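Before any comments, here is the structure.
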Amino acid sequence: MNDILTKRTYFFIFLSIFLFGVVFLMDIIILKIHPLLEEAPLINVKFIIRTIILLMSALIALLPFLQFKAVNFNADSYFSRNVFNTIIICSLIVSLGFTLMFILNPSGFSKMGLEGNFIEKFSALAFFVCALFFGLLFLKIVKRAPFIYSIANLGFAFLFFLIGMEEVSWFQHTLELETPIAFSNNIQGEMNLHNFATPYFETAYYFGSFVFLIILTFIHNVFGVFKNSKFISTYVPSSLVFFVGSIFISYNYDMWNVSFMQWSFIITLIILLYYLFKNESQYKFIALLCVFALLFSQSFFLLLGDRFVRLWDVTEYKEFFIPLAFMIYSVEILVRTKKDSFK
């Protein structure tokens, strides 16, 4: 890792975590709500103060990185600029379409996100594609790459396969299987694990995706934080995945009160603004489009949230863009391993 990770940097990160912890305790002690409570956004003085603290935490976390000169702008793309821009713009158009559907036809928005309909089917299929690609990658490089790469590829393949199977409840409905007694007590009475503790699994899934797709990508691809580790660098997503992945951050309503979700949104918006205003960035136009898309979608979801047929409808669409970003990521890793040497 390079000189950006100094004692001063660690101090700012610690201070950011401390402020985040203050919000966490504020939820429990002052607001008397569960930190992972899913309900309509609460708007009052206490919650405004809470959001301000999260904003401070986000700014402090990023400050050590924002003040350094970027060393790796635009050097991480394995696709042509036209392909790069086309993928991102098409993803943003899809997001705009989803948001407009919500505004103009809330019932249609809800229906498309129902179990067994398009959104869920795509989410599962995308993760199965990711698992397939990493499985093929394992077979492709197992004999010519260090063993740790094989472990990583199998790990990714297993993780994506597991998430895909959880999305379709292990094909319970497709095969018309009865719910086993061991699974009958989960929230939806389905044959899956995540519904035993939905708020915890959802938060881990969404926040983990944020850390991987947004944070790791930003600190490495802009500042080269992991440039001295060939292994880590191989698996860090590119800016293409970052921009596509940033879309899911704005799909919040029932989880807007969850501090992890608000903090993720603020962090992502700040990073996009960094891309927009940093002189050496060639992603200014793309960053501008992403900033507009994030603000547009999130604003309407919050302002018109009473139109949701189901309180959690928007999270189904969040789970559309996460696997979309990971599917692009898996293709990217396949392309990257063709061009990179493992020596």
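On a predicted model such as this, the values are computed, not experimentally measured, just so you know. Along the sequence shown, the residues carry numbers beginning at 1.
Residues Pro35 and Ser259 have side chains not in contact (no heavy-atom distance under 4.5 Å, counting atoms from C-beta outward). The shortest distance between side-chain heavy atoms of Tyr10 and Pro64 does not fall below 4.5 Å. Taking the side chain as every heavy atom from C-beta outward, Cys130 and Phe156 never approach each other to under 4.5 Å. Looking only at side-chain heavy atoms (C-beta outward), Phe127 and Phe161 stay at 4.5 Å or farther from each other. Looking only at side-chain heavy atoms (C-beta outward), Phe260 and Leu36 come within less than 4.5 Å of each other. No side-chain heavy atom of Phe212 sits under 4.5 Å from any side-chain heavy atom of Thr217. Looking at heavy atoms from C-beta onward, Val244 lies out of side-chain contact with Phe321 at the 4.5 angstrom threshold. Using a 4.5 Å heavy-atom cutoff, the side chains of Val23 and Ser57 are not in contact.
Using a distance-only test at 3.5 Å, with no hydrogens or angles considered, no donor-acceptor pair links the side chain of Thr203 to the main chain of Tyr200. Proximity of a side-chain donor or acceptor of Ser91 to a complementary backbone N or O of Ile87 within less than 3.5 Å is detected. Of the possible polar contacts, none joining the Glu316 side chain to the Leu114 backbone as a donor-acceptor pair under 3.5 Å is found. Side-chain atoms of Asn257 come within 3.5 Å of backbone N or O of Leu42 as a donor-acceptor pair. Not a single donor-acceptor pair under 3.5 Å links the side chain of Ser239 to the backbone N or O of Phe242. A side-chain donor-acceptor contact under 3.5 Å links Ser233 to the backbone of Phe226. Looking at Thr86, its side chain does come within 3.5 Å of a backbone N or O of Asn82 through a donor-acceptor pair. Side-chain atoms of Gln262 come within 3.5 Å of backbone atoms of Trp256 as a donor-acceptor pair (strictly under, hydrogens ignored). The backbone N or O of Phe102 lies less than 3.5 Å from no partner atom in the side chain of Arg307, so there is not a single donor-acceptor pair.
One distance of note links CD1 of Ile53 with CZ of Phe20; it measures 12.0 Å at 0.5 Å rounding. Taking CZ of Phe14 as the reference point, atom CG of Leu19 lies at 10.0 Å (rounded to 0.5 Å).
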Do Asp27 and Arg50 pass the salt bridge (charged side-chain N to carboxylate O under 4.0 Å, His left out) test, and can you show the C-alpha distance, the side-chain angles, and the key distance before you say yes or no?
CA-CA 9 Å; Asp27 287 345; Arg50 179 180 181 271; 2.7 Å; yes
From CA spacing to verdict: side-chain hydrogen bond (donor to acceptor under 3.5 Å, both in side chains), Tyr283, Asn85:
CA-CA 9 Å; Tyr283 298 141; Asn85 289 341; over 6 Å; no
I would like to know whether Thr268 and Ser246 meet side-chain hydrogen bond (donor to acceptor under 3.5 Å, both in side chains); could you show each step before the answer?
CA-CA 7 Å; Thr268 304; Ser246 69; over 6 Å; no
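Linking Ile, Leu, Val, Met, Phe, Trp and Tyr residues whenever their side-chain heavy atoms come within less than 4.5 Å places Val241 and Val331 in a single cluster. No continuous path of hydrophobic side-chain contacts links Phe138 to Val335 [ILVMFWY only; heavy atoms under 4.5 Å]. Residue Ile270 is grouped with residue Ile247 when hydrophobic side chains (ILVMFWY) are merged at heavy-atom distances under 4.5 angstrom, including chains of intermediate members.
Using bins of under 30°, 30° to 60° and over 60° for the plane-to-plane angle, the ring pair Phe98/Tyr317 lands in the perpendicular bin. Ring geometry for Phe109 against Phe308 counts as tilted: the plane angle lies between 30° and 60°, on a 0 to 90° scale. Using a 30° and 60° split on the angle between ring planes, Phe210 and Trp263 fall in the perpendicular class, above 60°.
Of all non-hydrogen atoms in Ile89 and Leu289, the two that sit nearest each other are CG1-CD1, 4.1 Å. The shortest heavy-atom contact between Ser209 and Phe248 is CB-CZ, 4.0 Å. For the pair Lys46 and Met26, the tightest heavy-atom approach, listed with the atom from each and the gap, is O-CE, 3.3 Å. For the residue pair Ile333 and Tyr235, the shortest heavy atom distance occurs at CD1-CA, 4.2 Å. Taking each heavy atom of Tyr275 and Ala287 in turn, the nearest pair found is CB-CB, 3.8 Å. The minimum heavy-atom distance linking Phe277 with Lys284 is given by the pair C-NZ, 3.6 Å.
Side-chain contact annotation: Glu202 with Thr315, donor-acceptor N/O pair under 3.5 Å absent. Ser107 and Asn105 are linked by a side-chain donor-acceptor pair at a separation below 3.5 angstrom, with hydrogens and angles left out of the test. A side-chain N or O of Lys318 and one of Asn252 form a donor-acceptor pair less than 3.5 Å apart.
The aromatic ring centres of Phe326 and Phe160 sit less than 6.0 Å apart.
Screening Tyr251, Tyr206, Tyr205 for a side chain to side chain donor-acceptor pair (under 3.5 Å) involving Glu319 leaves a single residue, Tyr206.
Ile148 CD1: 12 or fewer foreign heavy atoms inside a 6.0 Å radius.
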